[in-house]
Amino acid sequence: VRARTIRVETAPAYDVRVGPGLLADVDAATSSYSARAIVTDENVAPLYLGKLRASAWAAHVTVPPGEDSKSLVVVEHVLDFLVESGLDRRSCVVALGGGVVGDVAGLAASLYMRGIACVHVPTTLLAQVDSSVGGKTAVNLGRGKNLAGTFHQPALVLADTTTLATLPDDELRSGLGEVVKTALLDGEEALAELEARAEALVARDADALADVVARCVRLKASIVARDPREANERKALNLGHTFAHGIEHAAGYGAVPHGVAVAVGLVLALRAGIELGVTRDAALVERVEALHARLGLPRSLAELSQRHAVRLDDPRDLIVGMLHDKKGAAGAPRFVLLEAPGRWRIDVAAPAGALERWLA
Ligand code: ADP
Ligand code: ZN
């Protein structure tokens with residue numbers, strides 16, 4: 001397997017490189033900056049910091065792993081570290097870790113001296129296929145998730161697929177949920193590739209992972225280039241997410257990995273689409289359920305609640321979370337639905353009483 005390069009044509013444009021062994025390239029790829037500083041977490045540091053040859057060229061700071069680190073307090077701590085490390089406007093922040101590290105480091109980089117370069121080195125499948133590309137950064141506030149953030153496109157993304165070998169199974173599955181989402185948005189060819197390689201992905205086959213990550217990045221790059229600020233088309237990337245936010249809220253944030261909630265959200269969105277006459281191929285839902293089963297993903301609220309020991313049997317709990325979804329205009333949740341693989345419809349409102357039915 002060799003590394004591939006995908007260009008993201010935002011302003012400014014940047015490259016996403018995907019493949020095995022890219023950790024070894026981080027040093028050279030960032031050597032022209034006046035100074036570099038690494039942000040990582042306590043799980044990733046012992047595994048991969050040494051592979052960047054970090055001690056030789058940059059200071060680092062570790063944040064505690066997990067969603068609780070997505071806070072303004074942690075961002076301030078990182079900003080203090082950037083000052084102490086002597087970074088100036090020509091310096092760069094290197095984000096080494098999953099989506100949490102990417103959000104915290106990306107937000108700190110976008111604030112420090114009104115914005116300096118951020119190089120993302122994503123080490124989770126979810127961060128490689130989704131969150132490291134597109135320039136969204138955010139932390140949580142007491143009143144809700146991702147309420148404080150910026151758009152700050154990275155200077156470069158280096159997705160080393162060998163880092164996925166050490167990922168916990170739950171985190172791999174979480175990434176696979178976003179992979180299925182991306183394939184459904186991409187189209188028939190991407191979906192068929194995923195179906196052909198489901199077992200290889202679960203076995204963490206190096207070729208399969210690199211191919212699938214690269215394909216997901218290509219689709220996300222093209223959507224983000226056309227709509228960087230999520231005015232329209234980029235909303236499609238929220239397929240399954242209105243339901244997922246309901247699930248995450250009802251289960252208690254952190255109880256279910258995000259991408260696993262998205263996986264169930266995809267099935268619910270397809271069922272909703274069939275009921276509303278938007279999804280024309282009724283067999284698509286069975287096809288996705290079969291794929292989920294092979295990828296180790298739950299296919300229903302019942303299966304999810306059983307596996308993660310959470311209660312999801314009261315639709316009202318989920319609806320509260322869906323109403324909190326900040327993308328819903330004026331309190332009414334909006335859905336992305338699929339007409340067919342590769343053909344989506346955004347901003348669909350649910351008819352009265354439909355939510356209760358879909359979640360029952
Ligand atoms: P996400 O990327 O899904 O948003 P996080 O940033 O919270 O998630 O990372 C998920 C968990 O996986 C964290 O505990 C993190 O420390 C850990 N982690 C990240 N990358 C790796 C890796 N390559 N190997 C092992 N654990 C990892
Ligand atoms: Zn997501």
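Ligands are counted one by one from 1 in listed order, and the atoms in each one are counted from 1 as well.
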Should we say atom CD of Glu42 is surrounded by more than 12 heavy atoms from elsewhere, each under 6.0 Å from it?
-> yes
Flag yes if more than 12 heavy atoms outside Arg343 fall under 6.0 Å of its CZ atom; otherwise flag no.
-> no
Under 3.5 Å: N or O atoms of ligand 1 paired with protein N or O:
{"from": "ligand 1", "atom 1": "2 (O)", "to": "Gly99", "atom 2": "N", "distance (Å)": "2.7"}
{"from": "ligand 1", "atom 1": "2 (O)", "to": "Thr124", "atom 2": "OG1", "distance (Å)": "2.6"}
{"from": "ligand 1", "atom 1": "4 (O)", "to": "Gly99", "atom 2": "N", "distance (Å)": "3.4"}
{"from": "ligand 1", "atom 1": "6 (O)", "to": "Gly99", "atom 2": "N", "distance (Å)": "3.1"}
{"from": "ligand 1", "atom 1": "6 (O)", "to": "Val100", "atom 2": "N", "distance (Å)": "3.0"}
{"from": "ligand 1", "atom 1": "14 (O)", "to": "Asn43", "atom 2": "ND2", "distance (Å)": "3.0"}
{"from": "ligand 1", "atom 1": "16 (O)", "to": "Asp41", "atom 2": "OD1", "distance (Å)": "3.2"}
{"from": "ligand 1", "atom 1": "16 (O)", "to": "Asp41", "atom 2": "OD2", "distance (Å)": "2.7"}
{"from": "ligand 1", "atom 1": "16 (O)", "to": "Asn43", "atom 2": "ND2", "distance (Å)": "2.9"}
{"from": "ligand 1", "atom 1": "20 (N)", "to": "Thr123", "atom 2": "O", "distance (Å)": "3.4"}
{"from": "ligand 1", "atom 1": "20 (N)", "to": "Thr123", "atom 2": "OG1", "distance (Å)": "2.8"}
{"from": "ligand 1", "atom 1": "23 (N)", "to": "Thr123", "atom 2": "O", "distance (Å)": "3.0"}
{"from": "ligand 1", "atom 1": "23 (N)", "to": "Thr163", "atom 2": "O", "distance (Å)": "2.9"}
{"from": "ligand 1", "atom 1": "23 (N)", "to": "Thr166", "atom 2": "OG1", "distance (Å)": "3.4"}
{"from": "ligand 1", "atom 1": "24 (N)", "to": "Thr166", "atom 2": "O", "distance (Å)": "3.4"}
{"from": "ligand 1", "atom 1": "24 (N)", "to": "Thr166", "atom 2": "OG1", "distance (Å)": "2.6"}

Which value, rounded to the nearest 0.5 Å, describes the distance between Asp314 atom CG and Glu356 atom CD?
-> 10.0 Å
Output, in order, the C-alpha distance, side-chain angles, deciding distance and verdict of ring pair (Phe, Tyr, Trp, His ring centres under 6.0 Å) for Trp358 and Phe335.
-> CA-CA 12 Å; Trp358 295 342; Phe335 295 85; 5.6 Å; yes
According to the side chain to side chain donor-acceptor pair (under 3.5 Å) rule, which pairs have a member within residues 89-102, sequence neighbours left out?
-> Ser34-Ser91, Asp88-Ser91
Closer than 2.8 Å to the Zn ion (ligand 2), how many protein N/O/S atoms do you count?
-> 3
Do Lys181 and Leu176 come close enough that some side-chain heavy atom pair is under 4.5 Å?
-> no
Among side-chain atoms of Ser110 and Thr150, is any donor-acceptor pair under 3.5 angstrom?
-> yes
Not counting sequence neighbours, list each pair that qualifies as a salt bridge (Lys or Arg N to Asp or Glu O under 4.0 Å) and has a residue in residues 111-126.
-> none
Let me see the working for Asp103 and Lys70 under salt bridge (Lys or Arg N to Asp or Glu O under 4.0 Å), right down to the final yes or no.
-> CA-CA 7 Å; Asp103 265 314; Lys70 282 186 49 167; 3.1 Å; yes
